[in-house]
Amino acid sequence: QVQLVESGGGLVQAGGSLRLSCAASGRTFSSYAMGWFRQAPGKEREFVTAISRSGGNTYYADSVKGRFTISRDNAMNTVYLQMNSLKPEDTAVYYCAADLYGLGSARLSSYNYWGPGTQVTVSS
């Protein structure tokens, strides 16, 4: 079992920055990959970024490449999402997820556990 809780969401102006955190508990954190997804109103949940167990490999959706950075601190059981140059189209509920058996994936079905999500709203 893995429990995930996101934090750090909020309201920010376009061009601003936010850092999301996802605290994990349960299974040994360094034993699984992590991902961030987001879901805007009326849209399907979409991949944002993922990171391997050690943090040595990262993957990004084209829409966030160069603006968002994923990182993890295995000693703190936490994964982070640094979001810079935010745009109104980044507005969504952001979810972290645990991939127990893979190396980090863009596929929703690869993830076994999900957090409840945190709202990010970017005003124009």
Side-chain angles (χ1 to χ4, degrees):
Q1 284 276 8
V2 174
Q3 294 79 41
L4 303 171
V5 179
E6 303 94 341
S7 61
L11 174 64
V12 63
Q13 288 188 334
S17 298
L18 279 176
R19 188 175 84 152
L20 305 184
S21 300
C22 172
S25 60
R27 193 162 167 162
T28 302
F29 184 64
S30 59
S31 70
Y32 50 89
M34 292 292 297
W36 285 96
F37 290 76
R38 65 187 181 186
Q39 188 166 18
K43 295 188 176 182
E44 294 186 351
R45 193 170 298 190
E46 65 174 7
F47 171 74
V48 176
T49 180
I51 189 167
S52 61
R53 300 167 189 174
S54 67
N57 293 292
T58 57
Y59 314 92
Y60 295 92
D62 288 343
S63 59
V64 306
K65 204 170 291 184
R67 300 188 298 122
F68 290 12
T69 303
I70 189 172
S71 61
R72 65 189 297 161
D73 184 338
N74 286 346
M76 296 295 291
N77 294 347
T78 303
V79 63
Y80 303 98
L81 179 61
Q82 178 67 43
M83 305 186 294
N84 298 329
S85 302
L86 283 161
K87 304 175 181 180
E89 51 263 44
D90 294 318
T91 294
V93 177
Y94 282 71
Y95 301 90
C96 65
D99 175 0
L100 299 188
Y101 307 110
L103 303 177
S105 170
R107 295 172 53 188
L108 272 73
S109 59
S110 296
Y111 292 83
N112 311 98
Y113 295 95
W114 295 80
T118 186
Q119 176 71 47
V120 171
T121 303
V122 184
S123 63
S124 57

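Only this structure's heavy atoms are used, side chains among them; waters, hydrogens and symmetry mates stay out.
- Counting heavy atoms from C-beta on, the side chains of R67 and M83 never come closer than 4.5 Å.
- Taking both residues in full, the closest heavy atoms of A33 and L103 are given as CB-C, 3.6 Å, listed atom of the first, atom of the second, then distance.
- Rounded to the nearest 0.5 angstrom, Q1 CD and N112 CG are separated by 10.5 Å.
- Contact detail for V5 and P116: the closest heavy-atom pair is CA-CD, 4.3 Å.
- Note that OG of S110 is 11.0 Å distant from CG of L100, once rounded to the nearest 0.5 Å.
- Within the 4.5 Å cutoff, the side chain of S71 has no heavy atoms near those of the Q82 side chain.
- When all heavy atoms of V2 and A98 are compared, the closest pair comes out as CG1-CB, 4.3 Å.
- One N or O on the side chain of N74 and one on the backbone of R53 form a donor-acceptor pair closer than 3.5 Å.
- We find the OG-CG distance between S105 and D99 to be 6.5 Å, quoted to the nearest 0.5 Å.
- The distance from the OG atom of S7 to the OH atom of Y80 is 9.0 Å, given to the nearest 0.5 Å.
- If you chain together ILVMFWY residues whose side-chain heavy atoms come under 4.5 Å of each other, W114 ends up grouped with F37, F47, Y59, V93, Y95, L108, Y111.
- Considering all non-hydrogen atoms of both residues, A92 and R38 come closest at CB-CB, 3.8 Å.
- Annotation: the span from N77 atom CG to C22 atom SG amounts to 10.5 Å, rounded to 0.5 Å.
- Taking the side chain as every heavy atom from C-beta outward, S21 and M76 never approach each other to under 4.5 Å.
- When atom types are taken as modelled, the side chain of T121 and the backbone of T91 share no donor-acceptor pair closer than 3.5 angstrom.
- Applying the ring-ring contact (aromatic ring centres under 6.0 Å, His included) criterion to Y32, with sequence neighbours excluded, gives F29.
- Across I70 and M34, no two heavy atoms sit closer than the pair CD1-O, 4.2 Å.
- Legend: side-chain hydrogen bond (donor to acceptor under 3.5 Å, both in side chains) pairs involving residues 10-19, not counting sequence neighbours, sorted by first then second residue: S17-N84.
- In terms of modelled atom types and a separation under 3.5 Å, the side chain of R72 and the main chain of G55 share no donor-acceptor contact.
- Heavy-atom contacts from other residues, nucleotides or ligands closer than 6.0 Å to NZ of K65 number more than 12.
- The CG atom of L81 sits 7.5 Å away from atom OH of Y94, with the distance rounded to the nearest 0.5 Å.
- Linking Ile, Leu, Val, Met, Phe, Trp and Tyr whenever their side-chain heavy atoms come within less than 4.5 Å puts F68 and V12 in one cluster.
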